[in-house]
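Report on one structure; see the data block that follows.
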Amino acid sequence: MNFKLKIWRQPDAKSKGRFETYEVTDISADTSFLEMLDILNNKLIHEGKDPVAFDHDCREGICGMCSLHINGEAHGPDTEITTCQLHMRKFHDGDTITIEPWRSAAFPVIKDLVVERSAFDKILQAGGFISVNTGGVPDGNTIPISHDDAEESMDAAACIGCGACVATCKNGSAMLFVAARVSSLAKLPQGKVETLRRANAMISKMDELGFGNCTNTRACEAECPKAISISHIARLNRKFLISRFKN
Amino acid sequence: MTKIESHIPQGPITDKWSKHKAEIKVVSPANKRKLDIIVVGTGLGGASAAATLGELGYNVKIFCISDSPRRAHSIAAQGGINAAKNYQNDNDSVFRLFYDTVKGGDYRAREANVYRLAEVSNNIIDQCVAQGVPFARDYGGLLANRSFGGAQVSRTFYARGQTGQQLLLGAYAALNRQIAKGSVKSYPRHEMLNLVMVDGKARGIIARNLVTGEIERYGAHAVVIATGGYGNVFFLSTNAMNSNGSAAWQCYKKGAMFANPCFTQIHPTCIPVHGDQQSKLTLMSESLRNDGRIWVPKKKEDVEKLRAKLKKASEIPEEDRDYYLERRYPAFGNLVPRDVASRAAKERCDAGFGVNETGLAVFLDFKTAIERLGKNVIKDRYGNLFQMYEKITDVNPYEEPMMIYPAVHYTMGGIWVDYNLMTTIPGLYAIGEANFSDHGANRLGASALMQGLADGYFVLPYTIGDYLSHEIQTPKIKTDTPEFDAAEKEVRDRIAKLFSINGKQTVDELHKKLGHIMWENVGMARSKESLEKAIVEIRKVREEFWKDVKVPGKNEEFNQELEKALRLADFLEEGELMARDGLQRNESCGGHFRIEYQTPDGEAQRDDENFAFVAIWEYQGEGKEPVMHKEPLTFEAIKVAQRNYKD
């Protein structure tokens with residue numbers, strides 16, 4: 001298969017970026033999207049040009065390192081996958097494909113398609129944990145947790161922190177990311193203890209870092225590679241309101 | 001050699017760790033505040049160690065090559081984590097977990113370390129539950145278990161097919177809590193490129209800021225290496241693209257000896273290679289072997305029809321299927337250890353029964369399980385894995401069996417450590433996959449997560465105190481010293497040399513050449529001939545690399561090609577040491593299968609009389625042959641026997 005690629009190029013955070021057009025040929029339908037970019041980069045290096053920088057690591061959809069807006073969609077046209085799991089069979093021979101970095105004020109571009117996502121770490125540092133030290137904890141079976149609660153907690157815990165929700169949201173809100181963490185811990189008795197404090201601290205940090213507000217457009221849910229439901233946002237909002245009310 | 005002292009405590013195996021803990025020194029809280037520790041790597045080992053050391057009051061700096069500690073490759077572990085809880089009442093115990101692990105490792109692990117691992121395994125589960133890890137639960141609300149290869153009990157705890165992710169998020173949360181408190185400082189997008197030694201002790205690192213290219217100096221009273229394994233020597237492996245062996249290799253070149261480099265795990269259930277545009281291989285969790293049955297056709301004519309796509313696997317009747325693991329190993333069946341399952345797949349494919357176009361694939365079939373349990377139960381257990389398989393291959397595994405083939409997955413070898421997890425360099429520690437100690441010649445499934453967290457939460461935080469108790473008078477390590485100057489210069493020279501070559505081959509092209517040599521000659525089956533050939537060929541590629549590699553751009557920028565080139569330069573040396581180690585080990589054991597040494601029915605033939613030792617390699621300098629030392633392996637608690645998974 002052959003493709004025309006329109007790729008965002010930006011040397012560093014300070015420079016202005018622009019689209020450049022490239023062509024790749026003889027791509028197998030079984031090749032993954034990132035392998036297609038590897039092939040492009042190999043070609044660019046041979047031509048003495050600067051290869052396209054993009055983040056990636058596990059290439060099996062779990063580390064959350066890969067990103068990319070492909071034809072205007074976070075992680076490309078397929079559903080419930082990350083970019084590294086996208087394969088060229090999802091495109092047509094001869095297609096023009098537009099590739100951009102995540103666009104969000106809270107995720108500045110480092111180079112080309114690579115963005116800075118440390119804001120997510122900062123939100124979690126504000127309260128995305130249970131305050132226990134190593135050692136001195138009870139036996140794992142001391143507190144029974146219903147199968148359904150454990151499963152619901154796991155649904156929310158499946159978040160890979162890729163940032164697709166923020167990049168997709170017209171307000172640049174990180175509510176789905178924050179809600180997933182708060183909800184996952186709130187569903188477990190050991191996490192419940194700190195829920196209100198956690199919700200308040202994480203939302204305050206999110207606001208401070210320049211993320212926008214949630215206006216319930218559900219765009220984040222549609223683009224989330226792990227299909228995390230916005231019902232978690234409703235739960236977060238309840239906890240947040242209670243915490244503010246109590247204060 | 002006085003340097004190689006394993007420091008295994010005296011006394012019965014059941015008492016060693018308790019006795020040792022009682023005897024080693026501790027550091028007072030007031031003094032902990034004065035001591036700095038560098039942790040390199042943020043996977044299960046690094047994150048759990050840094051968090052715990054921070055909680056204890058040390059000043060910790062943690063480095064990772066990704067944009068966040070949560071990206072570390074531990075995140076990709078799927079199936080589960082072992083512990084000897086005996087929650088299933090199936091007669092599991094610390095001793096049985098210990099025994100299974102030593103046996104699974106084909107009697108090439110250090111007994112005392114493995115026993116300690118089994119001993120602390122139960123604490124890990126408790127710790128993770130307390131952190132909010134959403135382990136699978138039965139309807140009564142208690143923790144659920146499943147079975148894994150090499151065990152006849154159910155002792156594996158899991159969170160769907162994302163156990164590594166959930167455990168890492170637990171450790172990462174504990175780490176975040178310490179970062180917020182200020183006891184740990186995090187350095188994301190930083191790569192360690194050199195170890196700094198002062199007066200024979202590890203005193204710091206040189207790291208490259210991957211965003212700006214700045215070469216930076218960091219001093220500490222102790223350095224912990226938690227950077228995982230070197231499986232990416234093979235180019236194609238299940239490791240993440242950025243996983244590399246460079247931090248460990250730089251320590252080796254500074255005097256930390258390297259143990260059992262030839263012990264590589266080839267995992268039996270990976271998605272087969274599709275073509276030469278492929279960049280990495282994807283693992284399908286071993287947990288699938290709980291319910292999936294592995295087979296190839298009995299008849300060659302069926303094989304040919306499958307390859308020509310004239311027939312579907314589901315159309316081949318039961319009587320024409322060869323469930324070869326169940327046939328060869330009735331007692332363990334599809335749940336034999338990984339090395340055994342991988343070799344059996346290779347044997348069938350070499351005999352001409354491989355089922356895809358390349359002839360390098362076998363079936364993993366859920367038909368029987370779906371009939372017995374229903375599609376929903378299978379979906380509940382493995383839904384995300386089935387989805388992942390379908391996205392990659394475009395085949396629905398609920399209808400047609402999966403196709404799988406072995407792939408490089410894990411390295412049991414690593415930096416040599418003593419019982420305290422200290423390397424042969426004082427003040428330098430290695431934990432998790434980066435060290436060699438617990439898995440012998442073959443790691444059992446669900447034991448990597450166990451080891452990473454055991455080392456990080458419950459072993460290193462105790463043992464490092466013993467060393468640091470002698471350092472309380474040592475002031476902060478200054479970085480404006482000749483030692484730091486020299487270490488930084490080495491890094492700058494190496495980088496400058498790479499840019500100066502300006503050759504014709506890309507890093508990936510050269511890496512693929514190395515990978516091909518490794519897979520063909522130092523892979524699932526090795527021989528004296530193949531290993532000797534590998535050494536010659538690796539040297540050729542190494543020469544090619546230093547004459548003809550093309551690294552674009554400059555150092556002072558975000559430069560992924562430079563990162564890859566630096567890592568490949570080290571892989572090109574590591575690969576040779578792996579071949580050299582395989583060549584000296586004239587026996588087959590675990591993942592190391594020398595075709596000259598096999599039993600009449602094709603099983604690994606160990607030679608306990610001559611090879612019951614850890615091979616420990618000492619670097620001698622550029623262009624010089626390394627020297628091998630031996631740590632004898634003695635087994636007091638276990639009777640050494642040929643591994644038997646048949647009855």
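Residue numbers begin at 1 in each chain, while the letters A, B, ... track the order of the sequences. Fair warning: this is a prediction, and the values are worked out from it, not measured in the lab.
For a residue to count as touching a neighbouring chain, one of its non-hydrogen atoms must lie under 4.5 Å from one of that chain's; by this rule Leu453(B) does not touch chain A. Heavy atoms closer than 4.5 Å to chain A are found in the backbone of Ser243(B), but not in its side chain. Only the backbone of Phe135(B) comes within contact range of chain A, judged by heavy atoms closer than 4.5 Å. Heavy atoms closer than 4.5 Å to chain B are found in both the backbone and the side chain of Ala158(A). If you measure heavy-atom distances from Leu44(A) to chain B, you find no contacts under 4.5 Å at all. When heavy atoms are compared at a cutoff of 4.5 Å, Ile145(A) approaches chain B by way of both its backbone and its side chain. Heavy atoms of Asp394(B) lying under 4.5 Å from chain A belong to its backbone as well as its side chain. Residue contact with chain B, scored on non-hydrogen atoms closer than 4.5 Å, involves the side chain of Ile39(A) exclusively. Heavy atoms of Gln166(B) lying under 4.5 Å from chain A belong exclusively to its side chain. Residue contact with chain B, scored on non-hydrogen atoms closer than 4.5 Å, is absent for Asp12(A). Thr393(B) touches chain A through its backbone: at least one of N, CA, C or O sits under 4.5 Å from a heavy atom, while the side chain does not. Within the 4.5 angstrom heavy-atom criterion, atoms from both the backbone and the side chain of Ile392(B) approach chain A. Heavy atoms closer than 4.5 Å to chain B are found in the backbone of Pro138(A), but not in its side chain. With a 4.5 angstrom heavy-atom cutoff, Pro188(B) does not touch chain A via any of its atoms. Only the side chain of Val114(A) comes within contact range of chain B, judged by heavy atoms closer than 4.5 Å. Residue Val193(A): no heavy atom, backbone or side chain, is found under 4.5 Å from chain B.
Judged by distance alone, the side chains of Thr282(B) and Glu60(A) never bring a donor and an acceptor atom under 3.5 Å apart. At a cut-off of 3.5 Å, with distance as the only test, a side-chain donor of Glu509(B) or His46(A) sits close to an acceptor on the other residue. Ser28(A) and Gln277(B) form no side-chain donor-acceptor contact under 3.5 Å, judged by distance and modelled atom types alone. A donor atom on one side chain and an acceptor atom on the other are found under 3.5 Å apart for Arg59(A) and Ser279(B).
Remark: Asp155(A) engages Arg160(B) in a salt bridge, criterion side-chain N to carboxylate O under 4.0 Å. Ion pair Arg71(B)/Asp57(A) not flagged as a salt bridge, since none of the NZ, NE, NH1 or NH2 atoms sits closer than 4.0 Å to an Asp/Glu carboxylate oxygen. One finds a salt bridge joining Arg189(B) and Asp55(A) here, because a Lys/Arg side-chain nitrogen approaches an Asp/Glu carboxylate oxygen to under 4.0 Å. Electrostatic pairing of Lys85(B) and Asp139(A) counts as a salt bridge here, judged by a charged N lying under 4.0 Å from a carboxylate O.
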- Give the intermediate values and the outcome of side chain to side chain contact (heavy atoms under 4.5 Å, CB included) for residues Asp67(B) and Phe120(A). CA-CA 10 Å; Asp67(B) 70 338; Phe120(A) 269 8; over 6 Å; no
- When you look at Ser66(B) and Met65(A), which way does the side chain to side chain contact (heavy atoms under 4.5 Å, CB included) test go after all the steps? CA-CA 8 Å; Ser66(B) 307; Met65(A) 190 83 177; 4.0 Å; yes
- Query: Does the side chain to side chain contact (heavy atoms under 4.5 Å, CB included) test come out yes or no for Thr134(A) and Gln131(B), once each step is laid out?
  - Reply: CA-CA 9 Å; Thr134(A) 303; Gln131(B) 288 170 344; 5.7 Å; no
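The candidate with the highest count of non-hydrogen atom pairs below 4.5 Å against chain B, out of Ile81(A), Leu185(A), Asn42(A), is Asn42(A). Of all the listed residues (Gly127(A), Gly135(A), Gly191(A)), the one sharing the greatest number of non-hydrogen pairs under 4.5 Å with chain B is Gly135(A).
With rounding to the nearest 0.5 angstrom, the OG atom of Ser184(A) is 8.5 Å from the CG atom of Leu169(B). Atom CD of residue Gln162(B) and atom CD1 of residue Ile160(A) lie 10.0 Å apart, to the nearest 0.5 angstrom. Within the model, atoms NZ of Lys280(B) and NE2 of His56(A) stand 11.5 Å from one another, a figure rounded to the nearest 0.5 Å.
In this structure the side chain of Pro69(B) reaches within 4.5 angstrom of the side chain of Asp121(A), judged on heavy atoms. Under the 4.5 Å side-chain criterion, counting only non-hydrogen atoms from C-beta, Ser131(A) is in contact with Arg177(B). Residues Gln560(B) and Pro51(A) are not in side-chain contact: their nearest non-hydrogen atoms beyond the backbone lie 4.5 Å or more apart. Residues Arg137(B) and Asn141(A) meet the side-chain proximity criterion, which asks for heavy atoms closer than 4.5 Å. Counting only heavy atoms from C-beta outward, the side chains of Ser68(B) and Arg117(A) never approach each other to under 4.5 Å. Between Val129(B) and Gln190(A), some side-chain heavy-atom pair lies under the 4.5 Å cut-off. Side-chain contact between Gln127(B) and Val132(A) is present, with at least one heavy-atom pair separated by less than 4.5 Å. Side-chain contact check for Leu124(A) versus Tyr172(B): some heavy-atom pair is nearer than 4.5 Å.
Between Gly48(A) and Lys550(B), the closest heavy-atom pair is CA-CE, 4.4 Å. Pro134(B) and Ser153(A) make their closest contact through CB-OG, 3.6 Å (heavy atoms, listed as atom of the first residue, atom of the second, distance). The heavy-atom pair separating Asp78(A) from Lys391(B) by the smallest distance is OD1-NZ, 3.1 Å.
Between the side chain of Asp126(B) and the main chain of Gly140(A), a donor-acceptor pair closer than 3.5 Å is present.
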